[in-house]
Amino acid sequence: MTEPLPADCAQILDALQDVLRDEASPEMAEAVRRHLEECGPCRNHAGFERRFLELLRKCDREQLPADLRARILAALRQDPR
Amino acid sequence: MAEPNAEFESEVLPQLDVLYRVARRMTGNAADAEDLVQETVLKALRGWAGFRPGSNARAWLLTILRNAFINGYRRRKREPIAMDIDTADRHSVLREAAEHDPEGEFFDHLVDETVLGAVEALPEEFREALVLSDLEGLPYAEIAQVLEVPVGTVKSRLFRARRQLQRVLHEYAVEQGYLKGGTTG
């Protein structure tokens, strides 16, 4: 099993997930930023998580097929309600 | 006669792409995803009176889509028994990657199809949380609403889903020679 990180680093890395997704308070984001400035392993970890999230955010750009969109629109506009 | 539908259209049409992507990742194929989106729009239209103007149309529609998926498509498909993601979880890939690629540069070598294939292989309950959060960028609170679970549950599923996905992608990168292998296996 993975060695547990020091408690403060573990908590920072937990908060990092929220920071990367704009879910952290400004205070928390600042605490994470300050910690990363001085902690090399956590900085690497942050780079790892950031790359991972960037990969996920861009991997799916599919759009509804145009013919289906047209069919849905046509059905809505024929529907008398 | 077009008036009520005009409001419906203005709320629903902007969400069709996200509905399709989520349907695609949940069903695993384009044909079922198309059917699921159509069914969702139809159900939404029938239930339009229950939509509160000004509330979140995306969350409302995704909830309808998810229920339609659970009640229909999933039953037809044989879902694999959920793997013990807890076990996989313990072997954080970060530890393996720390030696050769601490900042995860191997992620840059992966093509979208590889990533999406790995996402689709995740157990359903982890996959849906991950798709909504990390692919579609929904806030935790909105995901909690769609999945009908507390935010804490969303976060714990996300944590495990990310670990599992990182592990699979890392193994793939090692196999493909994008980076030197860690101590896998």
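Nothing here was measured: the structure is a model prediction, and the numbers come from that model. Residue numbers begin at 1 in each chain, while the letters A, B, ... track the order of the sequences.
Linking ILVMFWY side-chain heavy atoms closer than 4.5 Å, directly or via other members, places B/Y178 and B/V168 in two distinct hydrophobic clusters. Put simply, B/V22 and B/F69 are part of the same group of oily side chains (I, L, V, M, F, W, Y) that touch within less than 4.5 Å, one to the next.
The side-chain hydrogen bond (donor to acceptor under 3.5 Å, both in side chains) pairs that include a residue from residues 10-21 of chain B are A/R69-B/D17, B/R21-B/E136, where partners are two or more places apart or lie in different chains.
The most heavy-atom pairs under 4.5 Å with chain A, out of B/G104, B/A30, B/S133, B/A33, come from B/G104. Ranked by heavy-atom pairs under 4.5 Å with chain B, the first of A/E49, A/R43, A/E62 is A/E62. Most heavy-atom pairs under 4.5 Å with chain A: of the set B/L116, B/V41, B/L169, B/L130, this distinction falls to B/L116. Comparing A/L68, A/L73, A/D14, A/D60 by heavy-atom pairs within less than 4.5 Å of chain B, the highest count is held by A/D60.
When every heavy atom of A/R57 is checked against every heavy atom of B/G137, the shortest pair comes out as NH2-CA, 3.6 Å. Closest non-hydrogen pair, B/L165 versus A/F52, comes out as CD2-CZ, 3.8 Å.
Considering only heavy atoms from C-beta on, B/Q38 comes within 4.5 Å of A/R71 through its side chain. Using a 4.5 Å heavy-atom threshold, the side chains of A/R51 and B/F106 count as separate. Between A/L55 and B/D108, every side-chain heavy-atom pair lies at or beyond the 4.5 Å cut-off. Considering only heavy atoms from C-beta on, A/L56 comes within 4.5 Å of B/V115 through its side chain.
Neither the backbone nor the side chain of B/L42 comes within contact range of chain A; no heavy atom of the residue lies under 4.5 Å from a heavy atom of that chain. If you measure heavy-atom distances from B/E113 to chain A, you find no contacts under 4.5 Å at all. Only the side chain of B/R25 comes within less than 4.5 Å of a heavy atom of chain A; its backbone N, CA, C and O stay farther away. Neither the backbone nor the side chain of B/T114 comes within contact range of chain A; no heavy atoms are under 4.5 Å apart. For B/L158, no part sits under 4.5 Å from any heavy atom of chain A, backbone or side chain.
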Take A/R77 and B/E9 through the test salt bridge (Lys or Arg N to Asp or Glu O under 4.0 Å) and record every step on the way to the result. CA-CA 9 Å; A/R77 287 175 185 175; B/E9 283 182 20; 2.5 Å; yes

What's the verdict on side-chain contact (heavy atoms from CB on, under 4.5 Å) for A/E54 and B/F107, showing C-alpha distance, side-chain angles and the deciding distance? CA-CA 9 Å; A/E54 278 166 12; B/F107 287 132; over 6 Å; no

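Among residues 16-39 of chain A, the residues having any heavy atom closer than 4.5 Å to a heavy atom of chain B are, in sequence order, A/Q17, A/D18, A/R21, A/E23.
Atom-to-atom distance recorded for A/L53:CG and B/D134:CG is 5.5 Å, nearest 0.5 angstrom.
Within the 3.5 Å criterion, the main-chain N or O of A/L76 finds a donor-acceptor partner in the side chain of B/N5.
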